Structures are given as structure tokens and as C-alpha cells.
Novice: 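First, the structure itself, so that you have it in front of you.
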Amino acid sequence: MNEKLKVGILGGTGMVGQRFIALLENHPWFEVTTIAASPRSAGKTYEEAVGERWKMTTPMPEAVKEIRVMNVNEVEKVAAEVDFVFSAVDMTKEEIRKIEEDYARTETPVVSNNSAHRWTPDVPMVVPEINPEHFEVITFQKKRLGTRRGFVAVKPNCSIQSYAPVLTAWKEFEPYEVVATTYQAISGAGKTFKDWPEMVENIIPYIGGEEEKSEKEPLRIWGEIKDGVIVPAQSPVITCQCIRVPVLNGHTAAVFVKFRKDPAKEELIEKLVSFQGIPQKLALPSAPKQFIQYLEEDNRPQVSLDVDFEGGMGISVGRLRRDMVYDWKFVGLSHNTVRGAAGGAVLCAELLKAQGYISRKE
């Protein structure tokens with residue numbers, strides 16, 4: 001008897017939807033049984049609907065090729081087939097907020113990669129190693145939605161994964177001012193070089209909405225629950241620039257930090273490599289054994305060498321050194337479509353299952 005939970009992928013034909021499907025192949029807890037997408041894909045097999053647009057480097061899993069794609073707008077019909085869903089739909093923010101709550105109201109938990117609900121006060125936005133306690137706000141969200149088991153949970157923006165975990169590991173040294181520049185891969189825009197030839201040998205110094213997310217979302221992650229909502233932290237102050245670079249996968253960040261305390265380099269590195277969270281303690285299926293690695297070489301981390309650390313779920317840090325204006329500076333690297341997108345959402349779902357928020361529908 002198959003004990004795996006039945007999973008639906010909303011927006012399953014896009015790049016992040018494809019990454020969900022690739023990551024969930026042979027998952028020990030979850031099985032993709034339902035894929036929903038736009039009406040133009042509905043009724044086709046998944047293989048037909050995606051056609052030549054499969055963007056992963058690994059082949060399309062055989063188990064999903066013959067799944068008939070459903071219309072994502074037929075909420076009750078899709079929800080009846082699954083225990084919970086991952087959301088990667090491509091719609092306006094207003095449409096996303098509505099459809100994700102519509103699914104939640106069918107008593108179907110929604111774990112979303114989208115940004116639409118990241119600032120909904122009673123929706124948890126979680127990096128499982130950093131702020132798992134924010135899942136407790138789900139109790140208040142269910143009261144608002146009038147649900148027993150349905151809710152929406154989200155993961156944060158891909159760009160912050162290369163520095164927010166680092167700053168979290170250094171929390172006891174009280175970082176209070178941060179300057180970060182992120183160099184972001186084209187897959188963050190759902191593109192490959194085939195789709196976006198203009199990015200070959202090019203840099204674009206603007207990514208719409210990304211700088212505000214990069215400055216504000218870490219503060220929400222470090223916030224606390226008060227009166228049934230998440231109240232963002234006030235510190236550290238972060239200012240950020242986000243630049244699109246000709247890399248397929250991997251967001252790199254160059255970061256400068258001021259601390260109220262005066263840590264030694266050895267202390268900072270020790271805090272990074274020893275940093276763990278609940279996913280490591282529970283040995284969740286997608287959890288990296290080593291969440292953050294520190295690389296001593298002057299020319300690391302590099303996308304080509306380090307982006308797939310721990311299957312893309314780990315963070316790589318290097319070039320930690322004193323700064324003449326700020327206290328310390330470093331370079332961080334994370335995989336934007338694994339840890340930063342689908343993989344981060346899968347890890348959230350694993351923790352939600354382990355904590356009893358997601359279970360089989362009765």
C-alpha cells in the first residue's frame with residue numbers, strides 16, 4: 001500500500017513547476033499525482049503540455065509524462081485529487097492571492113513559491129533552518145479562512161538565501177547594518193540562454209521588485225508572532241542592489257556587515273559551519289547535512305564549482321575578511337531554483353508534515 005501523500009503542482013509546466021517535479025521524483029514522503037496549469041494546457045498529457053520547453057538538465061520523470069494536466073482554475077476538482085499542493089502559478093499577485101486561498105478553503109494546504117502572500121500578516125514565510133516557529137501563525141490564519149486543515153505557507157525570495165542564513169548564524173554578534181549586491185542567475189526569471197539570448201555576455205543592472213524584497217524579507221523572517229500576525233524585525237538595516245548576470249543557476253551575493261560586537265574571523269567561521277536547524281535535527285529528506293560551508297580558497301565560492309553543494313540545498317560562503325569601512329565582508333552563493341525556490345518549498349512541506357500541519361485527507 002502506498003503511504004505517500006498525494007501532491008498537486010499548480011503551475012506545473014513552468015520552470016519552477018518543472019523543478020518541483022524533478023525534485024519530487026522518488027521522494028520518500030510525497031508523490032506527484034496531479035498537475036494543474038493554464039486552460040491551454042488542460043487535457044494534454046504533461047509531456048504534450050511541456051513539449052520542447054522542458055528546462056531541467058535531468059530528463060522528465062517517466063512517472064509524470066502521462067499525467068493529464070488539469071485546469072488550475074477548477075479548484076474544487078483539482079483539490080479533490082490531492083492531500084496538498086505546491087504553487088508555482090504564473091498570474092498577477094491579486095490572482096495568486098485569491099487562487100491560493102481558494103485552494104486553502106477546500107481544506108488543501110498550499111506551500112507556495114510565489115511572492116503574493118509573503119506579506120499577508122498571518123501567512124508564514126519560512127526558511128526551515130531559520131524561523132520554523134513562524135508556522136505557529138497558521139492557527140490564526142485558519143481562523144480567518146474558516147478552515148480546519150487548509151492554509152497557505154510560503155518560502156522567501158531566492159535572492160536572500162545567499163546571505164540571510166549567514167547573518168542568522170551571526171545573530172549573537174548583533175549585525176546592525178548590511179550592504180549587499182546580488183548577482184542573479186537568469187533561471188530566476190524562468191529563463192534559459194535559449195529563451196534569453198540577450199543575456200549572453202551581458203549584465204542587466206535592474207530586476208523589477210527584487211531590491212525591495214532583498215532588503216525587507218529577511219526582516220520578516222527574523223520577526224516574531226504578536227497577536228496572531230508576524231511583526232518584522234527592525235534590525236539589521238539592509239540596503240541592496242540586484243544585478244542579472246549571464247549565469248544559468250546560482251545567485252551570488254557580495255555582502256558588507258557592521259556588528260555591535262567584535263567577533264574574530266575564527267568565531268564567524270565556526271558559527272557558519274556549525275549552524276543547524278530543525279531540518280538537520282529531524283534529518284528531513286531534503287535537508288542538507290551541512291547547511292553552510294565555508295571555503296578557504298580566495299577564488300571561492302564559484303557557481304561552476306559550488307552551486308550544487310548538498311544537492312543545491314546548501315549555502316557556500318567564502319572571502320570573509322576585514323573591511324576598511326564596514327567590519328567584515330564576505331561572498332555567499334545559493335542555488336536559486338533549488339534552495340531558493342522549489343527545494344526550499346519542498347523542505348517547508350517536509351517540516352509541515354513532520355509537525356502535523358500536512359497529513360492525508362480523510
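Here the structure is a predicted model, which means the values were calculated and not measured. Values reported hereafter were calculated over all heavy atoms of this structure, with side chains retained and with hydrogens, waters and symmetry mates removed.
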Novice: Is it true that, when you exclude Glu76 itself, more than 12 heavy atoms of the residues, nucleotides or ligands shown sit nearer than 6.0 Å to its CD?
Specialist: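 It does not: Glu76 CD has 12 such atoms or fewer within range.
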Novice: Give a yes/no verdict on a cation-pi contact between Lys353 and Trp29, requiring under 6.0 Å between NZ or CZ and the six-membered ring centre and an angle within 45° of the axis.
Specialist: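 Lys353 over Trp29 ring: yes.
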Novice: Tell me if the centroids of the rings in Phe84 and Phe30 come within less than 6.0 Å of each other.
Specialist: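 Centroid distance Phe84-Phe30: below 6.0 Å, so yes.
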Novice: Does CD belonging to Glu198 count more than 12 external heavy atoms closer than 6.0 Å?
Specialist: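 Yes, the 6.0 Å shell around CD holds more than 12 heavy atoms from other groups.
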Novice: My understanding is that only residues two or more places apart in sequence, or in another chain, count here; which of them pass salt bridge (Lys or Arg N to Asp or Glu O under 4.0 Å) with Glu172?
Specialist: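 Counting only residues at least two positions away or on another chain, Glu172 forms a salt bridge (Lys or Arg N to Asp or Glu O under 4.0 Å) with Lys271.
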Novice: Which pair of non-hydrogen atoms, one from Pro301 and one from Asp306, has the smallest distance, and what is that distance?
Specialist: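 Scanning both residues completely, I find the closest heavy atoms to be CA-OD2, 3.1 Å.
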Novice: Atom CZ of Phe151 and atom CD1 of Ile138: how far apart are they, to the nearest 0.5 Å?
Specialist: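 With rounding to 0.5 Å, CZ (Phe151) is 4.0 Å from CD1 (Ile138).
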Novice: Specify whether Phe259 and Phe173 have parallel, tilted or perpendicular ring planes, treating 30° as the upper limit for parallel and 60° as the lower limit for perpendicular.
Specialist: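 Rings of Phe259 and Phe173: perpendicular, over 60°.
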Novice: Has Lys65 got its NZ or CZ under 6.0 Å from the middle of the six-membered ring of Tyr46, at an angle within 45 degrees of the ring axis?
Specialist: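 Judged by the rule, Lys65 and Tyr46 form no cation-pi pair.
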Novice: Salt bridge between Arg322 and Asp262, side-chain N to carboxylate O under 4.0 Å?
Specialist: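 Salt bridge flag = yes for Asp262 with Arg322.
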Novice: Is it true that atom CD of Glu297 has more than 12 heavy atoms of other residues, nucleotides or ligands lying nearer than 6.0 Å?
Specialist: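 Atom CD in Glu297 is crowded, with more than 12 foreign heavy atoms closer than 6.0 Å.
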Novice: Here's one to test your reading of the geometry: is the NZ or CZ of Arg319 within 45 degrees of the ring axis of Phe330 and under 6.0 Å from its centre?
Specialist: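 Judged by the rule, Arg319 and Phe330 form no cation-pi pair.
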